[in-house]
Number of protein chains: 2
Amino acid sequence: MPRRVDHEERRRQITDACRRVVARDGLEAATFQAVAAEAGVSVRLVQYYFGNKHGLLVATHRAVIEGSAARFGGGPPGDVDQGPADQPPPPRAVLRAVLAALLPLDDARRADAVVLAAFHAAALTNEAVTPQELRGAPRALVDLVSAQLLRARDDGGGTGPASGREDAARLDAELVLASAAGLTQGILAGHMDGETGLAVVDRLLDHLVGPA
Amino acid sequence: MPRRVDHEERRRQITDACRRVVARDGLEAATFQAVAAEAGVSVRLVQYYFGNKHGLLVATHRAVIEGSAARFGGGPPGDVDQGPADQPPPPRAVLRAVLAALLPLDDARRADAVVLAAFHAAALTNEAVTPQELRGAPRALVDLVSAQLLRARDDGGGTGPASGREDAARLDAELVLASAAGLTQGILAGHMDGETGLAVVDRLLDHLVGPA
């Protein structure tokens, strides 16, 4: 189906352009004109694919979230300390790799984080997008993190009924993701450098699953 | 000096109006015209006090930060479980009150958090304000939180050299504040309710200073 692939590529080309415009100049700057110019296509084509600005923004947000979910899609990111070849990688290493991958420690992730901050702010005040339209990926991440926490705690011998341990792991997973979001905010704003961010991540993991 | 007081009140009246406009309609909506209308004063008066939009925005951000710092200025917020009258309140109770006071659990704190999210996003992309201009209060909060963590751990009998324990408490204080920022973001966006946010806070305190 070459036709279908063309359409997807074209949509991706336009949402990529929109990401760049928002990361550089903010959400207000993402007009059809500016995005079409950035993508090197006609305004008419942007209209054809996305209808209106709202459609373009929601599709762009989804592209950022899907990109970051894809990083974790096949499990944790690639740079995990694997441990022995015949065993799954140690849960603490998986959790650290997930947290590190969520922080804006390179240009691409920084740009993604800036775009998500712009959408977050806009959803709280404008009608351009609503918080409901911006939901999505986080649930899968909560599942991934809480599964690794349970694995880490099983190895140490779990106590108490399984349901209580699962509830606790779920709250801890929310804590992990909230911490990542807060650290991202601090690093983007320049209140904290990336190295300190990773040191905080290591402290958090010390508390959650014990020292490395 | 009644003159001076008048000036301060007038400035406050205008930055309060600016906060309301930003909380309702976003940073882009905070034109001199809109803020003057909201404050019930002339555009000329806004110009007289703040010079340009940049001056108004920086003053408004400072007003939000100072308002939230004032909540902690005389120590922790008022609704701390005081414990025995002849002793300082237990550190865990202080930490919980600080964290709860940082979350957007009522309309006023929600409005403040929306305004801060708008400034954060704008500082990352626009020239309206820069991240440098938005720094300020967090350091005092890091000090407050890490002092309480050290108190909590002293009571349990500290181990290791004092400097190592202080460094650890500082990283943990950064973790506490990053968590509060991340939980705020999740609650504002409707990904999490306030009750779950407080349950995550309690888990965090369990990890940091042991069960209540």
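Everything quoted here is computed from the prediction, not taken from an experiment. Each chain gets a letter, A, B and so on, in the order its sequence line appears, and its residues count up from 1.
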Exercise. Based on non-hydrogen pairs under 4.5 Å, which of B/Gly197, B/Gly186, B/Ala178 is most in contact with chain A?
Worked result: B/Ala178
Problem set entry | B/Val22 versus chain A, the contacting section by heavy-atom distance below 4.5 Å | backbone
Exercise. For the atom pair CG (B/Asp206) and CG (A/Leu171), what is the distance rounded to the nearest 0.5 Å?
Worked result: 10.0 Å
Exercise. Contact part of B/Ala113 toward chain A, heavy-atom cut-off under 4.5 Å: side chain, backbone, both or neither?
Worked result: neither
For this session: Find the distance between CD (B/Gln185) and NE2 (A/His120) and round it off to the nearest 0.5 Å.
Result: 4.5 Å
Exercise. Is the CD atom of A/Gln33 crowded by more than 12 outside heavy atoms at less than 6.0 Å?
Worked result: yes
Seminar exercise, completed: The side-chain contact (heavy atoms from CB on, under 4.5 Å) partner of B/Ser179 among A/Leu177, A/Leu175, A/Leu183 is A/Leu175
Exercise. What option among A/Ala168, A/Ala29, A/Ala180, A/Ala199 has the most heavy-atom pairs under 4.5 Å with chain B?
Worked result: A/Ala168
Problem set entry | B/Leu208 and A/His207: CA distance, side-chain angles, deciding distance, side chain to side chain contact (heavy atoms under 4.5 Å, CB included) verdict | CA-CA 7 Å; B/Leu208 292 177; A/His207 293 303; 3.3 Å; yes
Problem set entry | Residues, nucleotides or ligands: over 12 heavy atoms within 6.0 Å of A/Asp107 CG | no
Problem set entry | Exercise: identify the closest heavy-atom pair between B/Ala117 and A/Ala121 | O-CB, 3.7 Å
Problem set entry | Derivation and outcome, side chain to side chain contact (heavy atoms under 4.5 Å, CB included), residues B/Val114 and A/Leu124 | CA-CA 7 Å; B/Val114 169; A/Leu124 299 177; 4.0 Å; yes
Exercise. Pick from A/Asp172, A/Leu188, A/Asp202: which one has the most heavy-atom pairs with chain B under 4.5 Å?
Worked result: A/Asp172
